[in-house]
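Just the heavy atoms: all of them, side chains too, but no hydrogens, waters or symmetry mates, feed the values below. Just so we're on the same page: letters track the sequence lines, and every chain starts at 1.
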2 protein chains.
Amino acid sequence: MPVRSATKKSNIVRVSPEDASAVHGAQTLVQKAFLAVTNHIRVEKLKVGDRLPSEKSFADMLGVSRAVMREAFGALSALRLIDVGNGRVPRVRAMDGLALATSLDHAVNTAQITVLQVWDVRRTIELRTAVLAAEHRTDAEAEKIMYHAKAMRTHRKDFAVMAQHDFELHHAIAQASHNILFAQVVSSFSDLMTVSLPLAWATRNTAKERTVVLERHEAIAEAIANKDPEAAMLAMDSHFDGSVQNLLNAGIK
Amino acid sequence: MPVRSATKKSNIVRVSPEDASAVHGAQTLVQKAFLAVTNHIRVEKLKVGDRLPSEKSFADMLGVSRAVMREAFGALSALRLIDVGNGRVPRVRAMDGLALATSLDHAVNTAQITVLQVWDVRRTIELRTAVLAAEHRTDAEAEKIMYHAKAMRTHRKDFAVMAQHDFELHHAIAQASHNILFAQVVSSFSDLMTVSLPLAWATRNTAKERTVVLERHEAIAEAIANKDPEAAMLAMDSHFDGSVQNLLNAGIK
DNA sequence: AGCATATAACCTGTCATACAGGTTTGTATA
DNA sequence: TATACAAACCTGTATGACAGGTTATATGCT
């Protein structure tokens, strides 16, 4: 659905794999409708929560059937650009990590990328979010991060609860970066974490090994509380060293 | 469309903004159909290019109308998970950066994030791809990178051509990282580059300023050719320092 | 047997119509 | 002013029909 719009197809060629619609010919009406909506959002300078015209209104304006418009809205919704629901007016949606999460999940399932490759990207991102959090966190954010780190230790006998705090710790750090793009990217890893975390945890056979994991999380929180970007980065890096090792031990590629 | 599937809704709660369908109730048939397709891909262990059942087949199997299935396929296509087209059988698609690019474009247009924030994420990613390229590049890849860097200088009087090589240089570096997720993420920045590159370039008023830009690109290529990860990272960092400054000079936030 | 062509089967894209059911807005009343 | 109800609006689903492109199979020729 997302296609290269005519207005953007300057002599600068996009450096991604060839676009299927370019290879196979004209844009479908659905694709055109999709662009009409995104153009509307841009031209009207709409913000999150602002109303959009309904399916029917757009269909009338564009001279297409309602079915075409529905499909365009469906695609926009799939990409989380708009929010639609039975009986409700369509609105501009806040970005969330779900589109990227879905892509990642699919890419891993179809053997395009490995979990370890995702983890390399994840490490790259999260080292940076740790640094930014140490530089930009509010006191409340630092406390929240520390709370989740300690809660992991408190609940280490209950994997599900501990894992929840693990998630929330990473998320809180990304939020404390004060760049929501980082936060959404980090959020997009959570599906894969849901699958790999239990496997990795199962490879930590001794209380000592498990304690090291907890200590690493606490060290990250400590560095952020201390506003020490360097320490935060090193602590997060150590955490990922361990995490990747556990994945390898679990046979995850 | 992408929704939390029932099988994944363990007691581990996803740490992203609340899912609209969870707030508003049951999944639509389209959402269910979407998941049926993604499940099919996973269970059958399909790979890129493998055939999928047609709209009609899925509709029959799932007991839904073809219209529902069309919408589900449309959503899957929007996210680049499958490839569909008039007369052709549906197939599993290779990930490309287009879904993420669309998200980024939308987020910037709706003032959710700023171009500078995207550039911070971009810098984070591209410092890492420079390092990986220095470590993992093939000779052919190193030559390609150098070719594009030199071509930028050769064509500095023709902005469009120079910018094309600029794009391709960044893309080639990401490809040389040998982690396609990095490559796709880098690819997803190209739309925003299309818009911001001319603006930034226009702020470089003297031949000297423009030469510095070219030298920075060449320095990156040199470091990668020399298999020097540290130099590659520093060179890319300098490049971004200049790039961000140019954006600021251009009044881009 | 190999190649070219025609045909059949298959597939997506679009439109129109109808109905179900939920949400939001406007109006009337206490 | 607050509440209740009705009207208007909106999405979700189904069905049937037609247009037109792609792919697989059958047939004919060398």
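B/Arg91 comes within contact range of no nucleotide atom at all, as no heavy-atom separation falls under 4.0 Å.
Evaluation of atom-type donor-acceptor distances gives no pair under 3.5 Å for the side chain of B/Asn86 against the base of C/dG13. Judged by distance alone with a 3.5 Å cut-off, a donor-acceptor contact links the side chain of A/Arg66 to the base of D/dG12.
Contact check on A/Arg91 versus A/Asp83 returns no salt bridge, with no Lys/Arg side-chain nitrogen under 4.0 Å from an Asp/Glu carboxylate oxygen. Between B/Asp50 and B/Lys45, no side-chain nitrogen of the basic residue sits less than 4.0 Å from a carboxylate oxygen of the acidic one, so the salt-bridge criterion is not met. Ion pairing between a basic and an acidic side chain is recognised when a charged N comes within 4.0 Å of a carboxylate O; A/Arg42 and B/Asp105 show no such pairing.
Atom P of nucleotide C/dA16 and atom NZ of A/Lys56 are separated by 12 Å, given to the nearest angstrom. The distance from atom CG of A/Asp83 to atom C1' of D/dT11 is 12 Å, rounded to the nearest whole Å. Distance CD (A/Glu71) to P (C/dG13): 7 Å, rounded to an integer number of Å. In this structure, CZ of A/Arg88 is placed 18 Å from C1' of D/dA8, rounded to the nearest angstrom. Put simply, CG on A/Leu62 is 11 Å from P on C/dC15, counting in whole angstrom units. Whole-Å rounding puts the B/Phe58 CZ to D/dA14 P distance at 16 Å. The interatomic distance linking B/Arg70 (CZ) with C/dT14 (P) rounds to 7 Å, in whole Å. For B/Glu55 and C/dT14, the CD to C1' distance is 11 Å, given to the nearest whole Å.
Listed nucleotides C/dC11, C/dT24, D/dT23 differ in distance to B/Pro90; the shortest reach to its side chain belongs to C/dC11. With C/dG13, C/dC15, C/dC11 as the candidates, the nucleotide lying closest to the side chain of A/Thr28 is C/dG13. Listed candidates were D/dG12, D/dT13, C/dT14. Nearest to the side chain of B/Leu29 is D/dT13. Distance from the side chain of A/Arg51 is smallest to C/dT24 among D/dT11, C/dC15, C/dT24.
B/Tyr147 has its ring centre less than 6.0 Å from the ring centre of B/His165. Taking the six-membered ring where the residue is Trp, the centroids of B/His148 and B/Phe167 are separated by 6.0 Å or more.
Nearer the 5' end of DNA chain C, as judged by each residue's closest nucleotide, is the contact made by A/Ala67, out of A/Gly87 and A/Ala67. Between A/Val89 and A/Ser65, the residue anchored nearer the 5' end of DNA chain C, judged by the nucleotide with its closest heavy atom, is A/Ser65.
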